[in-house]
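Let me begin by presenting the structure, written as structure tokens, before commenting on it.
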Amino acid sequence: MTAPDEATDQRFPKSDRILKRELFRRVYDTGKKIQARFFTAFILPNSQQQSRIGITATRKTGNSVERNRLRRRVRELYRRNKWRVPPGIDIVINVKDGLARAGYDEIEKDFAKMLERSR
RNA sequence: GGAGUGGGUUGGGCGGUCGCUGGCUGAUGGGCAGGUUUCGGACACCGUAAUCCGAGAUUCGCCGGCAGCGAGAGGAAAGUCCGAACACCACAGGGCGGCGGACUGGCUAACGGCCAGACGGGGCGACCCGAUGACAAGUGCAACAGAGAAUAGACCAGCCGAUGGCGCUCGAAUGCUGGCCGCGGUAACGCAGUCUCGUGUUCCGGCGCACAGGUGAUGGGUGAAACGGUGGGGCCCGCUAGGGCUUAAUGUAAGAGCCCACCAGCACGGGUGGCGACAUUCCGUGGCUAGGCAAACUCUCCGUGGUGCAAGACCAAAUAGGGAGGCGUCAAGGGUUGCCCGCCCGAUGCUUCACCGCUGGAAAGACAGGUUGCCGGUUUUCGUUGAAUCGGUGGCCGCUCCCGGUGGUGACUGCGCCUCCGGGUAGGUCGCUCGAGCGUGAGGAGCAAUCCUCCGCCUAGAUGAAUGACCGCCACCGGCUCUUUAAGAUCUUGCGCGGCUCGCCGCGCUGGGUUUUGCCGAGUGGUACAGAAUUCGGCUUAUCGACCCACUCCAGAA
RNA sequence: GCCCGCGUAGCUUAAUUGGAAGAGCACAUCCGCGGUGAGGAUGUUAUGCGCGAGUUCGAUUCUCGCCGCGGGCU
């Protein structure tokens with residue numbers, strides 16, 4: 001595992017995201033399900049060069065302010081850890097309740113562990 | 001100083017790093033089914049305005065990536081409770097129905113909103129609250145309590161004693177019995193008279209009882225609610241009935257809204273004030289009637305088509321299906337479909353559920369059950385067996401529909417491939433943000449809401465949905481911990497003074513402990529409610545706090 | 001974005017022209033038994049009808065505003 005490089009690409013354009021219901025369905029139905037401490041991940045290899053991510057927070061997680069905050073934290077997490085993610089996979093993350101109270105370092109460790117288990 | 005009332009403002013700040021969304025500008029030439037333009041071609045030939053096909057150029061667009069610039073959540077963005085704009089659909093006109101609104105005047109595009117007022121209620125007050133038309137059109141409702149509850153009502157106590165009843169009694173009439181006596185008759189008996197006699201009936205009068213009855217402006221008590229209060233009712237003539245006088249004076253057994261006057265309240269009419277709701281310490285008339293509830297039905301007046309930007313407009317893939325053309329292929333069958341439903345199969349359905357097994361399939365259509373074994377209950381019997389019946393559970397038989405396979409029969413029709421066309425789905429573009437806009441700018445009208453004129457400003461447009469993450473410094477708040485210092489309260493060691501009931505009390509100084517308040521510094525924690533989704537105007541609800549203005553009550557000082 | 005329905009005892013639910021709430025299960029106590037289950041009897045368990053206002057003499061019921069839960073359309 002290489003060390004975090006400041007020059008690494010940390011951008012997050014729309015092509016890095018899953019935006020269509022059809023794509024979400026495909027990942028849910030045929031992807032591999034991984035339970036982590038703060039979220040549930042679904043992973044499916046795609047035919048593209050880059051990887052893509054989709055984030056979901058259900059009504060049960062809280063009101064809209066709460067849901068938006070969780071979505072932003074997960075997005076930030078992905079943006080800073082893109083160098084860890086192997087190219088050519090689609091990830092969908094469903095947020096769990098504990099995420100709102102967890103510190104950023106904990107979540108980052110959890111995300112890395114999830115990637116380890118996925119291969 | 002304390003307690004409150006009403007209104008307004010604000011919704012942490014600065015900096016750094018890495019990001020997101022859309023806009024503008026620039027450069028780049030990566031992509032393009034677009035536009036423009038050049039050349040060539042099309043139908044037998046020529047020409048070409050248009051059309052189609054192919055090749056190239058341009059950088060006019062679009063997409064992707066790059067750089068720079070400036071922008072990016074709220075007072076409630078929320079709830080979706082009202083009102084509109086806008087869009088589509090429907091629609092001759094009128095009525096009924098349904099739904100909604102309901103004091104007055106104003107504001108507004110409109111409103112169930114706002115402002116000013118009226119009336120009612122609450123608060124000592126500043127102020128607050130009110131769906132606030134009509135129970136004098138009809139229908140209905142009022143538990144429990146209470147005598148009585150909506151054309152009211154006699155339970156207890158009080159009062160009355162007309163009328164009926166009961167008791168006593170004066171008198172009269174009369175029946176019977178008795179006494180006395182007369183006449184007729186032998187007698188039985190008949191007829192008649194009389195009575196301080198007894199007894200009964202009827203009538204008249206008197207007295208009493210209060211059983212029925214009367215009395216509600218005699219009191220009690222019940223309830224949310226029980227129909228106002230005070231005073232007066234004379235004089236004269238007449239036997240009575242009645243008549244006369246005074247503004248009016250009646251009547252009864254007793255009485256009574258039976259009559260009159262006044263007070264209060266109500267209603268109506270007029271005057272006055274107000275645009276009006278309404279007010280009125282003004283005037284007149286009526287004379288106790290007309291209790292409450294319409295967020296009960298209802299009536300009156302007014303308003304009202306429906307759906308919502310996921311509205312709607314445009315572009316438009318794949319697949320299936322529709323239409324047109326071309327090519328290929330067949331004259332025997334094929335395709336679609338109806339009927340018989342014949343045969344195969346056959347249920348978990350007919351008959352509660354689950355599981356297993358078996359079985360061509362499935363559980364939407366349709367249909368009907370029968371028989372038998374076992375268990376339990378009931379009836380019959382004194383009891384058992386038996387019988388009948390009901391329920392549960394299993395077996396066997398039977399029945400039913402659809403799909404499938406196969407057979408018969410009828411109707412209609414060609415089939416396969418290619419190209420094009422139209423509708424239309426996914427998807428995309430528009431709608432989409434400059435508007436009933438904002439301003440703690442100025443002036444004017446108005447008590448105000450608000451309006452007018454001028455000036456200035458441009459302030460999110462996302463769509464699995466941007467406006468963020470992390471760090472540093474500061475600000476504010478609350479509690480805790482440590483620390484510097486000051487003041488107060490309290491406990492206590494020691495010393496001094498004073499008192500005296502002689503071992504306690506009071507005062508002062510000094511030291512220590514506990515605690516409260518303020519201040520300096522440090523650490524720690526917290527900084528609400530909450531996220532645009534077509535756009536506005538309101539309402540309602542959530543909200544850690546901070547600041548400002550006006551006013552009220554209480555206490556104190558001058 | 002829009003539109004419906006429902007909140008009653010610990011649980012599942014009734015009741016209404018407005019007059020103060022029943023039932024089943026559960027729970028507790030008792031009877032019975034050597035013990036347990038089944039059965040029988042008694043008790044609503046300090047409930048006030050999701051919350052707050054209003055109308056009314058009186059509200060679970062009528063009206064308004066909130067809160068929570070469930071469902072539907074596109």
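First the proteins, then the strands, lettered A, B, ... as listed; each starts at 1.
Side-chain contact check for A:Phe39 versus A:Asp110: some heavy-atom pair is nearer than 4.5 Å. Side-chain contact between A:Phe111 and A:Phe38: absent, with no pair of heavy atoms (C-beta onward) separated by less than 4.5 Å. With contacts defined as side-chain heavy-atom distances shorter than 4.5 Å, the pair A:Ile43/A:Ile34 qualifies. By the 4.5 Å heavy-atom criterion applied to side chains, A:Lys32 and A:Leu44 are not counted as neighbours.
In this structure, A:Asn81 atom CG and B:A469 atom C1' are separated by 13 Å, rounded to whole Å. In this entry the distance linking CZ of A:Arg73 with C1' of B:A466 reads 19 Å, nearest Å. Counting to the nearest Å, the C1' atom of B:C18 and the NZ atom of A:Lys82 are 12 Å from each other. Atom P of nucleotide B:G464 and atom CZ of A:Phe24 are separated by 9 Å, given to the nearest angstrom. Rounded to an integer number of Å, the gap from CD of A:Glu108 to P of B:A469 is 16 Å. Rounding to whole angstrom units, CZ of residue A:Arg80 and C1' of B:G19 are separated by 9 Å. The distance from atom CD of A:Glu76 to atom P of B:U17 is 16 Å, rounded to the nearest whole Å. Atom CD1 of A:Ile107 is separated from atom C1' of B:A469 by 11 Å (rounded to the nearest Å).
A:Ile55 comes within 4.0 angstrom of no nucleic acid atom, judged by non-hydrogen atoms across all strands.
Applying the ring-ring contact (aromatic ring centres under 6.0 Å, His included) rule to pairs touching residues 45-72 of chain A yields nothing, sequence neighbours excluded.
Under 4.0 Å is where a charged nitrogen must lie from a carboxylate oxygen, and between A:Arg52 and A:Asp16 no such pair does. Between A:Glu106 and A:Arg37 there is a salt bridge, since a side-chain N of the basic residue sits under 4.0 Å from a carboxylate O of the acidic one. In this structure, A:Arg79 pairs ionically with A:Glu76, as a charged nitrogen and a carboxylate oxygen lie closer than 4.0 Å.
A:Arg117 contributes a side-chain N or O that, together with a main-chain N or O of A:Gln35, makes up a donor-acceptor pair within less than 3.5 Å. Panel note: side chain A:Asn94, backbone A:Ala41; no donor-acceptor pair is recorded below 3.5 Å. With A:Ser51 contributing its side chain and A:Pro86 its backbone, the two residues share a donor-acceptor pair below 3.5 Å.
Pair assignment for B:G161 gives none, since no Watson-Crick or G-U wobble pairing has each distance under 3.5 Å. Taking a pair to require two hydrogen-bonding distances under 3.5 Å in either a Watson-Crick or a G-U wobble arrangement, B:C227 remains unpaired. Across all strands shown, B:A489 pairs with B:U514; the Watson-Crick or G-U wobble distances both stay below 3.5 Å. Here B:G461 sits opposite no nucleotide as a Watson-Crick or G-U wobble pair (both hydrogen-bonding atom distances under 3.5 Å). Using the Watson-Crick or G-U wobble rule with both distances under 3.5 Å, B:C339 pairs with B:G408. Under the Watson-Crick or G-U wobble criterion, with both distances below 3.5 Å, C:C6 is paired with C:G68. Across all strands shown, B:G446 remains unpaired; no Watson-Crick or G-U wobble contact has both distances below 3.5 Å. Nucleotide B:G325 has B:C418 as its partner under the Watson-Crick or G-U criteria, with both atom distances under 3.5 Å.
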When you compare the protein's N or O atoms with those of nucleotides 20-26 of chain B, which come within less than 3.5 Å of each other, and at what distance?
| unit_1 | atom_1 | unit_2 | atom_2 | d |
| --- | --- | --- | --- | --- |
| B:C20 | OP1 | A:Phe12 | N | 3.2 |
| B:C20 | O3' | A:Arg17 | NH2 | 2.9 |
| B:U21 | OP1 | A:Arg17 | NH2 | 3.4 |

Below 3.5 Å between N/O atoms, which protein atoms pair up with nucleotides 530-533 of chain B? Just atom names and distances, please.
| unit_1 | atom_1 | unit_2 | atom_2 | d |
| --- | --- | --- | --- | --- |
| B:G531 | OP2 | A:Ser64 | OG | 2.8 |
| B:G531 | O5' | A:Ser64 | OG | 3.2 |

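Nucleotide B:U433 carries a syn base; the chi torsion (O4'-C1'-N9-C4 or O4'-C1'-N1-C2) is within 90° of 0. Within 90° of 0 lies the glycosidic angle of B:A73, which makes this nucleotide syn. B:G441: glycosidic angle beyond 90° from 0, hence anti.
Comparing the C1' positions of B:G361 and B:G346 gives a spacing of 10 Å, expressed to the nearest Å. Using atom C1' as the reference point in both B:G19 and B:G72, the two lie 15 Å apart (nearest Å). Comparing the P positions of B:C204 and B:C166 gives a spacing of 14 Å, expressed to the nearest Å. Here the separation of B:G291 from B:C282, taken at their P atoms, is 28 Å to the nearest Å. If you take atom P in B:G61 and the same atom in B:C43, they sit 39 Å apart, rounded to whole Å. Comparing the same atom, C1', in B:G83 and in B:A109 gives a spacing of 10 Å after rounding to whole Å. Rounded to the nearest Å, the gap between the P atom of B:A462 and that of B:A73 is 16 Å. For the P atom pair drawn from B:U481 and B:U516, the interatomic distance equals 9 Å after rounding to whole Å.
Expressed to the nearest 0.5 Å, how far CE of A:Met114 lies from CZ of A:Arg84 amounts to 11.0 Å.
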